[in-house]
Every structure is written in structure tokens, then in C-alpha cells.
There are 2 protein chains.
Amino acid sequence: MAVNPQLFKGSLNTIILNLLHEKGKMYGYEITKKVLEISNSQFQLTEGALYPALHKMETDGLLEVSVKLVDNRPRKYYSITKKGKKESVLKLKELLQFISQMQSFLQLKQAGL
Amino acid sequence: MAVNPQLFKGSLNTIILNLLHEKGKMYGYEITKKVLEISNSQFQLTEGALYPALHKMETDGLLEVSVKLVDNRPRKYYSITKKGKKESVLKLKELLQFISQMQSFLQLKQAGL
DNA sequence: CTACTATACCTAAGATAATTATGTATATTT
DNA sequence: AAATATACATAATTATCTTAGGTATAGTAG
């Protein structure tokens, strides 16, 4: 009973930013696994969606990268910048507003408006 | 303090279907005004988004149309089909799941996971 | 009586963002 | 030896929305 992935689309950056805000630093592959885990396998964040999103947020100055060599393979750790933290708080607010908005819409529906 | 319109994108059809499920029949212009009203002007559903969505749902058999002449102008009333009702219930479930999913994500965040 | 606003439909060009399908390469498990 | 997991990445396509425009009638404001 997976959640319609369409709904997550608008919240992708919000999820990533808040994860990084919380965890400090993570690398791409780790993020995909973590999101799968905390969503009980309901939100499969594909790499084709993730990597371009990470690159864009880096370009926008929300994230910064440090590369580390692990097992002879380079890993790109993303951490959140000051600007990114502001953005993550903002996006969290927006998400909460959206949720409350949709809930009141559904309540109106049940009230028979 | 308007809600980020990006978040509504994935819920456009859900909103339209549930409105029509509730109200019986509505026409396009009426839907834009109603959505603006019940969202306290926070979600401006543009016509460029609405009409293509209505046409697609009609093609998909979720909606059906009856044209009425009001003040010498044709109005296209959309009503929901049996198939559309099933879809609206499904989409409502998906939305509630998404909301609960995001809330548990935010709780995990506050718990410091 | 003219201009603006509201009503009511619509589409097309462009932007954005996701999916799907690949591609590369190493390490581990079967 | 083959398959899976790890770890990065991009390109083509598709979906969906914004922006901007178009048509037309009716009512209101100056």
C-alpha cells in the first residue's frame, strides 16, 4: 500500500534538507536508503531524481560537498549550509501549512460544504 | 503567508475530484473561485492548469460534461462518474497516507533520529 | 459611451521536474 | 563466474505546471 509518489514530488527538497539538517552530513546513496527506511518503503527516491536535486541545491548554495575516499571509491558527502538551514526551516513551515490547509479542505468536505 | 503552490501540484486532481464528488456538478470557472475561497486565497488554481486537467479526466472517464446556456453563454458543467468516484476515494486515501507519512517523518526528526 | 472588470471558455510555448533507461566502476556474496 | 550491493552520474522522454495569450458577453465605473 505505497503512497502515491506524485505527492512526494513537491516535498523532495524539503525531505533532503531536513534530513541533512538533522544528520549533519550524508552521501547520496545513503540518502536513498534512509528515505526508504523512514518511509517504510513507501517512498522510493530514485537516483535520477536525487542526484540532479543535490546538484541544484549545491549550485544554489544550500548544500556543500566534501569528497572522501572509502574502499577506493569516492563518496560525496553533502552537508547543509547556513543558507540551507534557513531554507529547510522555511520549507518545513510551508509543508505544515500545506498539510493544515488540506486537512481543513477535507474537513469542509466532511461537513458537506 | 501563502502556501507554496508547488505542494498543491500533486493534489490538483484530488481536489477537483473531491469537490465534484461533494457538490455534484460544477463548471470550470466556478471551481477556480471555490478553490480560492475554501483555501482562504492560498491556492490560486489557474485556468491554464484547470482546463487541461478537466479535459484529461473527462478523456479518462472520470468526469462527464453537460453544456447549458446561461445568459447566452455556454457553460460546461462537469460531474463525476462512477469510475471518478472510485478514483476520488482512492486519491483521498493516498493524500491521508501522505500526510501521515510526512507527519511521522517530522516526528522522527524531532525525536532526533 | 468608453474603458475596465467579471464571467466563461480555451490553447500554445516554455519551464520545471520527475521517470526510465542507461553507463561506469568496485566490492561482496552466491 | 555471475549476481547483487555500493556509489556516482547523465540523457531522453514524459508529465505537469506557469505564463501568456486569445475569444466573447455582460455589467459597472468614470
Side-chain angles (χ1 to χ4, degrees), chain A residues 2-17 25-37 39 41-60 62-78 91 94 98, chain B residues 2-17 25-37 39 41-60 62-78 91 94 98:
Chain A
V3 173
N4 186 344
Q6 282 237 279
L7 288 165
F8 284 102
K9 288 185 181 180
S11 313
L12 182 56
N13 288 3
T14 308
I15 291 171
I16 296 172
L17 283 172
K25 55 171 57 180
M26 297 176 82
Y27 56 98
Y29 190 76
E30 187 186 6
I31 294 175
T32 65
K33 297 299 162 193
K34 197 70 189 171
V35 168
L36 200 65
E37 179 199 330
S39 74
S41 304
Q42 290 189 33
F43 182 30
Q44 183 164 7
L45 174 51
T46 62
E47 296 178 320
L50 174 66
Y51 289 112
L54 287 175
H55 299 159
K56 181 162 196 314
M57 286 193 284
E58 189 196 349
T59 302
D60 293 346
L62 304 177
L63 302 180
E64 56 190 9
V65 185
S66 61
V67 181
K68 276 184 191 169
L69 213 68
V70 179
D71 292 328
N72 288 331
R73 272 178 298 172
R75 243 187 222 170
K76 292 175 83 169
Y77 279 94
Y78 288 87
K91 286 205 159 291
E94 287 175 345
F98 168 74
Chain B
V3 174
N4 186 344
Q6 282 237 278
L7 288 166
F8 284 104
K9 287 184 181 180
S11 312
L12 181 56
N13 288 2
T14 307
I15 291 171
I16 295 172
L17 282 173
K25 55 172 55 180
M26 296 177 82
Y27 55 98
Y29 190 76
E30 186 185 8
I31 294 175
T32 64
K33 296 299 162 193
K34 196 71 189 170
V35 168
L36 199 65
E37 179 198 329
S39 74
S41 304
Q42 290 190 32
F43 181 29
Q44 183 165 6
L45 173 53
T46 61
E47 297 178 323
L50 174 67
Y51 288 112
L54 288 175
H55 300 159
K56 180 161 195 317
M57 287 193 281
E58 189 196 349
T59 302
D60 293 345
L62 305 177
L63 303 181
E64 56 189 8
V65 186
S66 61
V67 182
K68 276 185 191 169
L69 213 68
V70 179
D71 292 328
N72 287 332
R73 272 177 299 170
R75 243 186 221 170
K76 291 176 81 170
Y77 278 94
Y78 287 88
K91 285 204 161 293
E94 287 175 346
F98 168 74

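Each chain gets a letter, A, B and so on, in the order the sequences are listed, and its residues count up from 1. On a predicted model such as this, the values are computed, not experimentally measured, just so you know.
- Between A/S66 and A/K25, the closest heavy-atom pair is OG-NZ, 3.6 Å.
- Here B/H55 reaches the OP1 or OP2 of C/dT11: one of its side-chain N or O atoms lies under 4.0 Å away.
- Looking at A/S11, its side chain never comes within 3.5 Å of a backbone N or O of A/T14 through a donor-acceptor pair.
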Exercise for the section: Could you check B/T32 against B/Y51 for side chain to side chain contact (heavy atoms under 4.5 Å, CB included), going step by step and ending with a plain yes or no? Expected result: CA-CA 10 Å; B/T32 64; B/Y51 288 112; 5.9 Å; no

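- Protein atom CZ of A/F8 is 18 Å distant from nucleotide atom P of C/dA17, rounded to whole Å.
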Exercise for the section: Might you work through the side chain to side chain contact (heavy atoms under 4.5 Å, CB included) test for B/I15 and B/F43, ending with a clear yes or no? Expected result: CA-CA 11 Å; B/I15 291 171; B/F43 181 29; 3.7 Å; yes

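- Contact footprint of chain A on DNA chain D: nucleotides with an atom under 4.0 Å from a non-hydrogen protein atom, first to last in 5' to 3' order, D/dA5 to D/dT16.
- What separates CG of B/L69 from P of C/dA8 is a distance of 12 Å, to the nearest Å.
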Practice task
Given side chain to side chain contact (heavy atoms under 4.5 Å, CB included), test B/I31 with B/V35 step by step and report yes or no.
Solution key: CA-CA 6 Å; B/I31 294 175; B/V35 168; 4.2 Å; yes

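- For A/E30 and A/K33, the salt-bridge test fails: no basic side-chain N is under 4.0 Å from an acidic carboxylate O.
- Among the atoms of the strands shown, only primed sugar atoms or phosphate atoms (P, OP1, OP2) are found under 4.0 Å from some heavy atom of B/K33.
- Considering only side-chain N and O atoms, B/Y29 lies under 4.0 angstrom from the phosphate OP1 or OP2 of C/dT7.
- Remark: P of C/dA6 and CG of B/L36 are 12 Å apart, rounded to the nearest angstrom.
- When each of A/R75 and A/A49 is assigned the nucleotide of DNA chain D with its nearest heavy atom, A/R75 is the one assigned upstream, toward the 5' end.
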Problem - Heavy-atom protein contacts under 4.0 Å, nucleotides 22-30 of chain C, coded B base, S sugar-phosphate only, - none - result: ----BS---

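- When every heavy atom of B/V67 is checked against every heavy atom of B/P74, the shortest pair comes out as CG1-CB, 3.9 Å.
- The heavy-atom pair separating A/N13 from A/A53 by the smallest distance is OD1-CB, 3.9 Å.
- Backbone-only engagement by B/G28 is indicated by non-hydrogen atom pairs under 4.0 Å involving sugar-phosphate atoms exclusively.
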Practice task
Apply the test side chain to side chain contact (heavy atoms under 4.5 Å, CB included) to residues B/V70 and B/Y27: give CA-CA distance (whole Å), side-chain angles for both, the deciding distance (0.1 Å), then the verdict.
Solution key: CA-CA 12 Å; B/V70 179; B/Y27 55 98; over 6 Å; no

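- Atom pair B/Y27:OH and C/dC10:C1' shows a separation of 17 Å (rounding to whole Å applied).
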